Amino acid sequence: MADQYILALDQGTTSSRAIVFDKKGSIVNVAQKEFKQHYPKAGWVEHDGNEIWSTQAGVAAEAITGAGLNGTNIAAIGITNQRETTLIWDRKTGKPVYHAIVWQDRRTSDYCDKLKKQDGLIEKVQQKTGLILDSYFSATKIKWILDNVEGVRERAEKGELAFGTMDTWIIWNFTRGEHHITDVTNASRTMIYNIHDLEWDQELLELFDIPESLLPDVKQSSEVYGETKTTIFASKVPIAGIAGDQQAALFGQRCIEKGMVKNTYGTGCFMIMNTGEKTIKSENNLLTTIGWQVDGKVTYALEGSIFIAGAVVQWLRDELGIIRKSADVEKLAASVDDNDGVYLVPAFAGLGAPHWDQHARGTMVGLTRGSNSGHIARAALEGIAYQVMDVLKAMEADSGIDIQELRVDGGATANNLLMQFQSDILQSPVIRPKTLETTALGAAYLAGLAVGYWKDHEEINDQWQVDRKFEAEMDRSHAEDLIAGWDRALKAAKAWSGER
Ligand SMILES: Nc1ncnc2c1ncn2[C@@H]1O[C@H](COP(=O)(O)OP(=O)(O)O)[C@@H](O)[C@H]1O
Ligand SMILES: O=P(O)(O)OC[C@H](O)CO
C-alpha cells in the first residue's frame, strides 16, 4: 500500500489552508490561500461561499501534489473551520443564495438588543445553548438572510435550501451534495442547538423563525462521514473528522483532561478549558460549549473570546506605521525597560469576554512628554496579556479550578517578550509547544483516530512536545501594581462607552 498521511483542511477567517501530516504528527506540506473580505457596510463582514470552496479545494490539491502524493496516500481528511459563519445554498444547484455572513458581522446586534429585553430570554438561551445572546452566533444571521434576501424564506419553507457553517459547506461540495452534515462543536455555536439534549432546539427554532428543513444532521467530531466524490483526489478519500477551529486546537494541544486550558493568540484570542463530561454554567460571561464528541462521549468546555489581540500589532503596523512587519514589535517593545505608566486597551471592536461591552473603544492612558513608540509597542503587547489574564481569572472563578499552566499557540506566540510578560502577569508557566499548527493537527487527530491511522489517545499524546516553557520572573507585588494600572485603564475604556 502507498505511504499513508492525514490531510487537515483549516478553513479560517482570512485564508483556507491544507496541511499534510505524517504518523508522527509532523508537517509534511502546507498550502494556503487568502480570500477576499467583503465589507458592504460598517459592521458587516461577508465571504463569497464559492471562493471559500474554490480556495479550499485548491489548497487541498496543492498540499498533496506539492508533497509528491495523490489521493491514494491520504488515509483520511479532517476538517476544521472558522465557526458561526453562516451560508445558505440551493440543494439542487449548490448555489449560495447570499454571501456567507461572517462571525465578526454585527448587522443583527440591534435585533439581539431587542431580544435581550424579553423576560427571561437571556437566561433561556444560556441554559439551552451555553451562549450569550449575541449577533456573534449563527441564529440571527440565518434569520437575517431568510428575512432580507428575496424569495429565500419561501424556498426555505419548501425545503429547497440548506444552511451550513463552513465545515458543512465544504463537505457538501466534496461529496457533491450527498452529505449535509456538521459536528456537535459547530452546532454548539449556532444558538439553536441544545448542548444538553444534543438536538436542534424546537423552541429556539420557533423564536428565530428558522425552518428545521434547512439544518444539517449533527454528527460526532470523529467518525467516517462519507467519501470525497470530486475529481480532486482521483480516488475516494474518507472524511473522518470535523471540529470548529478553537475546539480542534484544544484537541491538538492534547488538553484532553478536565481543567486543561489552551489559549490561541491570533487576530483575536480564544481561551478554552476542558471541563469534562459536565457543563459549567458561567457566572462571568464565558461561553459553555462543546469541546468534542468522540466514541459517543461528549466533552464540554468553557470559552472566553477576546476580539483584538494580534490585530493590535497590525494596527501599530498599518495605521500608526511604527513597525514594518508584525515581528518587529518585539524589538521595539524591548527598546524600553517598562511601560513607564502607559496602558493601551485595544477595545477597537468593543470588549469581548469577560466584559462584553460592545460600546467600549480603544483607549491609551498614562502618556507623558517622555512616552515614545517603544512604550506604545510595549503597552500594546501588554494589553494582550492583561486581556488574557482577565479571561483566565473568570475561568478560574467559574470552574473552581486553579489553572496551573497555560498551553499557547497562534501567530503572536512567536513573540517571546509577550509570552514572558504573560507568564509574569499570570504568575504561572506559559508553555509553547513545538508544533504551533495545533488547529490543523487537532482535525488530523480526530480524522486519524476514526480510521485507525492512530491507535488511541496515548499514541498521539506522546507527540505533543514543549518548545519553550516561560516561567514567571517578576515578583508578585510588582505584577499586582501593574495589574492595578490595567484595571484603571479598563475603567477609562468603559467610562468612555458609558458617556455616549
Ligand atoms: N511576532 C509577533 N508578535 C506579535 N504579534 C504577532 C507576531 N507575529 C504575528 N503576530 C500577529 O498574529 C496574528 C496572526 O496570527 P494567526 O495565528 O495567523 O492569526 P489568524 O488565524 O487569526 O489569522 C496577526 O494579528 C499578527 O499581527
Ligand atoms: O478563523 P479564526 O482562527 O480567526 O477563528 C475564528 C473563530 O472560530 C470564530 O469564533
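Both counts, for ligands and for their atoms, begin at 1 and track the order of listing. Just so it is clear, the structure is predicted and the values come from calculations on it, not from any experiment.
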Tested for side-chain contact (heavy atoms from CB on, under 4.5 Å) against Met419, the lone hit among Ile431, Val430, Leu406 is Val430

Atoms of ligand 1 under 4.0 Å from any heavy atom of Val329, numbered from 1 in the order shown, are 3 (N), 4 (C)

In terms of heavy-atom contacts, Gln253 and Lys262 come closest through CG-CB, 4.0 Å

(message) So for ligand 1, is Gly266 a polar contact partner (N or O within less than 3.5 Å, distance only)?
(response) no

Scanning both residues in full, the closest heavy-atom pair of Ser138 with Thr86 reads CB-OG1, 3.3 Å

_If you count heavy atoms of other groups shown closer than 6.0 angstrom to CG of Asp318, is the number above 12?_
yes

ask   = Would you call Lys128-Glu123 a salt bridge at under 4.0 Å N-O?
value = no

* To do: For atom 5 (N) of ligand 1, state whether the nearest protein heavy atom is under 4.0 Å away.
  => yes

Arg83 NZ/CZ over Phe270 ring centroid, <6.0 Å and within 45° of normal: yes

Worksheet entry | Distance flag for atom 21 (O) of ligand 1, protein heavy atom under 4.0 Å | no

Q | Glu303/Arg189 salt bridge by N-O under 4.0 Å criterion | A | yes

Per the under 4.0 Å non-hydrogen criterion, ligand 2 touches Gly12, Thr13, Gln82, Arg83, Glu84, Trp103, Tyr136, Asp245, Gln246, Phe270

Of Phe208, Trp44, Tyr111, the one forming a ring pair (Phe, Tyr, Trp, His ring centres under 6.0 Å) with Trp144 is Trp44

Minimal heavy-atom distance between Gln247 and Gly291, with the atoms involved, is CB-O, 3.3 Å

The closest protein heavy-atom partner of atom 16 (P) of ligand 1 is Gly411 N, 3.7 Å

among protein heavy atoms, the one nearest atom 23 (O) of ligand 1 is Thr267 OG1, 3.5 Å

One should read off an interatomic distance between Lys36 NZ and Thr14 OG1, to the nearest 0.5 angstrom, of 14.5 Å

Of all protein heavy atoms, the one nearest atom 11 (C) of ligand 1 is Gly310 CA, 3.9 Å

Per-atom filter on ligand 1: closer than 4.0 angstrom to a heavy atom of Ala327 are 1 (N)

among protein heavy atoms, the one nearest atom 3 (N) of ligand 1 is Asn415 ND2, 3.0 Å

For Ala311, the atoms of ligand 1 under 4.0 Å from one of its heavy atoms are 25 (O)

(Q) For ligand 1, which is the ligand I care about here, please tell me if Gly410 has any N or O atom under 3.5 Å from one of the ligand's N or O atoms. (A) no

Here the pair of heavy atoms bringing Glu34 nearest to Ser15 is CA-CB, 3.8 Å

query = With a 4.0 Å cut-off on heavy atoms, is Gln314 touching ligand 1?
reply = yes

Notebook entry, point to check: Counting distance only, does the side-chain N/O of Asp113 pair as donor-acceptor with the main-chain N or O of Lys116 below 3.5 Å?
Noted result: no

Atom 26 (C) of ligand 1 sits nearest the protein heavy atom Ser326 OG, 3.6 Å

- [ ] Output yes when Lys219 and Asp183 qualify as a salt bridge under the 4.0 Å nitrogen-oxygen rule, no when they do not.
- [x] no

The answer for which part of Ala309 has a heavy atom under 4.0 Å from ligand 1 is neither

Residue, atom and distance of the protein heavy atom nearest atom 12 (O) of ligand 1 read Ala412 N, 3.6 Å

